[in-house]
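As structure tokens, the structure follows; a few thoughts come after it.
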Amino acid sequence: MDMCENDMLPEPAAYTVGYALTQKKIQSFLRPELLNYAREHGICFKRIDPANPLEEQGHFDIIIHKVSSLCQLVQGLRMQQTLSCLCLV
């Protein structure tokens, strides 16, 4: 479910939320009501593939994840690009 790369947004997204969640978490968190609200406010959700380098997957204003390996990936990118990042485990 990638809400950034389709024609569902009325105009370019103001914010991109990257997410790396299990299928169960996606179903419970990314509810149609949330996605509709986000779309109306210029927010798009883009799925992150933890198997690929984060820097190759585009720009994210915020990342939501429940994957510990992604936290390590983000921390490594932070060291390279001085990204501000907070990883909660």
Side-chain angles (χ1 to χ4, degrees):
M1 179 180 317
D2 193 338
M3 301 297 297
C4 292
E5 296 181 2
N6 59 27
D7 296 327
M8 299 183 84
L9 289 172
E11 53 190 63
Y15 300 100
T16 301
V17 178
Y19 67 92
L21 303 167
T22 63
Q23 190 59 38
K24 183 177 177 182
K25 288 289 184 191
I26 291 170
Q27 291 172 349
S28 67
F29 178 69
L30 295 179
R31 310 284 301 166
E33 299 84 6
L34 172 64
L35 296 176
N36 289 336
Y37 180 86
R39 183 173 36 254
E40 291 170 3
H41 292 85
I43 301 168
C44 70
F45 287 84
K46 184 171 183 179
R47 188 174 200 151
I48 295 172
D49 181 355
N52 292 321
L54 189 59
E55 63 270 12
E56 294 176 7
Q57 297 187 54
H59 168 80
F60 301 103
D61 294 294
I62 189 168
I63 295 175
I64 300 170
H65 73 89
K66 187 98 184 206
V67 181
S68 60
S69 61
L70 185 65
C71 189
Q72 293 168 350
L73 184 66
V74 170
Q75 290 292 3
L77 184 62
R78 179 179 178 219
M79 297 301 281
Q80 294 172 14
Q81 299 180 353
T82 62
L83 256 169
S84 60
C85 171
L86 172 63
C87 287
L88 300 175
V89 180

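Atoms considered below: every heavy atom in the structure, side chains included; atoms not considered: hydrogens, waters and symmetry mates.
- For the residue pair Gly18 and Phe60, the shortest heavy atom distance occurs at CA-CD2, 3.3 Å.
- In this structure, CZ in Arg39 is found 4.5 Å from CG in Asn36, a value given to the nearest 0.5 Å.
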Tell me, with the steps shown, if Ile26 and Arg47 meet side-chain contact (heavy atoms from CB on, under 4.5 Å).
CA-CA 10 Å; Ile26 291 170; Arg47 188 174 200 151; 3.3 Å; yes
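- Taking Tyr37 as the reference, His41 meet the ring-ring contact (aromatic ring centres under 6.0 Å, His included) condition, with sequence neighbours excluded.
- At least one donor-acceptor pair under 3.5 Å links the side chain of Lys46 to the backbone N or O of Gln57.
- When the options Leu54, Val17, Thr16 are evaluated for a side chain to side chain contact (heavy atoms under 4.5 Å, CB included) with Ile63, the one that passes is Leu54.
- Taking 4.5 Å as the limit, some side-chain heavy atom of Leu34 sits within range of a side-chain heavy atom of Phe29.
- With sequence neighbours left out, the side chain to side chain contact (heavy atoms under 4.5 Å, CB included) criterion links Glu33 to Arg31.
- Under the 4.5 Å side-chain criterion, counting only non-hydrogen atoms from C-beta, Leu30 is in contact with Phe45.
- Considering all non-hydrogen atoms of both residues, Tyr15 and Asp61 come closest at CA-OD2, 3.1 Å.
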